Amino acid sequence: MLPINSAFAFNPDLPRIGVGAKPQLSAKAELTGKLSASERKVPDREVACLADAIYFEARGESVKGQEAVAQVIINRTTTGYYPKTICGVVYQNRDKRNACQFSFACDGKAEVKSEAKAWRRAKRIAREMTSGEKQVAALETATHYHATYVKPRWARKMKRLSKIGSHIFYHEDR
């Protein structure tokens with residue numbers, strides 16, 4: 001589950017009941033600081049953007065690897081250094097060829113979801129991750145990843161957290 005101060009708990013894109021209104025929390029949420037899936041409302045569009053990223057960035061990975069990629073995207077929404085929405089993170093700089101956060105979003109190629117089973121799995125994982133049903137505990141602070149076959153310069157400045165499948169995950173101390 002995501003911490004109560006995550007972007008999903010107080011998502012500015014969601015309607016508010018009144019100025020400064022806080023969500024009504026369950027007793028468990030009050031005690032643990034965590035929201036249940038029913039207390040967290042994530043717009044369908046945001047879930048779809050996360051599914052796109054899972055499919056195009058990690059469909060060849062294990063479920064855990066796909067969840068890890070989703071975790072990074074969700075984590076970015078809470079840092080203050082990236083857009084506050086999943087779609088904002090996934091498609092940041094999409095109109096700048098090869099200058100975006102996720103290559104599928106700005107490589108100039110038409111994105112076609114040709115693997116039905118992989119697309120269904122990506123949508124399921126996106127729903128589970130945004131609802132808080134799933135979380136990759138080892139990557140609670142991960143904000144970056146790259147494939148094992150590349151060696152980006154930025155990785156040297158970050159703390160390596162884990163390798164899952166063919167991706168290496170990092171946390172950036174700012």
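Everything quoted here is computed from the prediction, not taken from an experiment.
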Determine the minimum heavy-atom distance between [X] and [Y], stating which atoms define it.
X	Y	value
G88	P83	O-CG, 3.3 Å
K109	D107	N-OD1, 3.0 Å
A58	Q66	O-CG, 3.1 Å
T141	H171	O-ND1, 2.7 Å
A51	A122	O-CB, 3.6 Å

Short side-chain donor-acceptor distance under 3.5 Å, Q101 and R76: yes
Y145: which residues meet the ring pair (Phe, Tyr, Trp, His ring centres under 6.0 Å) condition with it, sequence neighbours left out? H167, F169
Examine V112 and Y91 and state if one hydrophobic cluster contains both, with Ile, Leu, Val, Met, Phe, Trp and Tyr joined whenever side-chain heavy atoms are less than 4.5 Å apart. no
Can you get from I168 to I54 by hopping between Ile, Leu, Val, Met, Phe, Trp and Tyr side chains that sit under 4.5 Å apart? no
Looking at V89, T130, T143, which hits side-chain contact (heavy atoms from CB on, under 4.5 Å) with I73? V89
Inter- and intrachain pairs under disulfide bond (SG atoms under 2.5 Å apart), touching residues 44-84, at least two apart: C49-C87
So, using side chain to side chain donor-acceptor pair (under 3.5 Å) as the criterion, who are the partners of K113 when residues are at least two apart? D52
Sequence neighbours excluded, which residues qualify as side chain to side chain donor-acceptor pair (under 3.5 Å) partners of R124? E128
Under 3.5 Å donor-acceptor pairs involving side-chain atoms of residues 148-161, not counting sequence neighbours:
none

Passing option when E115 is tested against R121, R59, R120 for salt bridge (charged side-chain N to carboxylate O under 4.0 Å, His left out): R59
Tell me whether K123 contacts the main-chain N or O of I125 through its side chain, where contact means a donor paired with an acceptor under 3.5 Å. no
Closer than 3.5 angstrom, by distance alone: can the side chain of E61 be matched with the main-chain N or O of S166 as a donor-acceptor pair? yes
Considering residues at least two apart in sequence or located in another chain, which fulfil the side chain to side chain contact (heavy atoms under 4.5 Å, CB included) criterion with S62? K64
To the nearest 0.5 Å, tell me how far N75 CG sits from H144 NE2. 11.5 Å
When rounded to the nearest 0.5 angstrom, what distance separates CD in E67 from CD1 in I164? 9.0 Å
Flag side-chain contact, heavy atom, 4.5 Å: L139 against S162: yes
Residue pair H146 / Y170, side-chain heavy-atom distance below 4.5 Å: yes
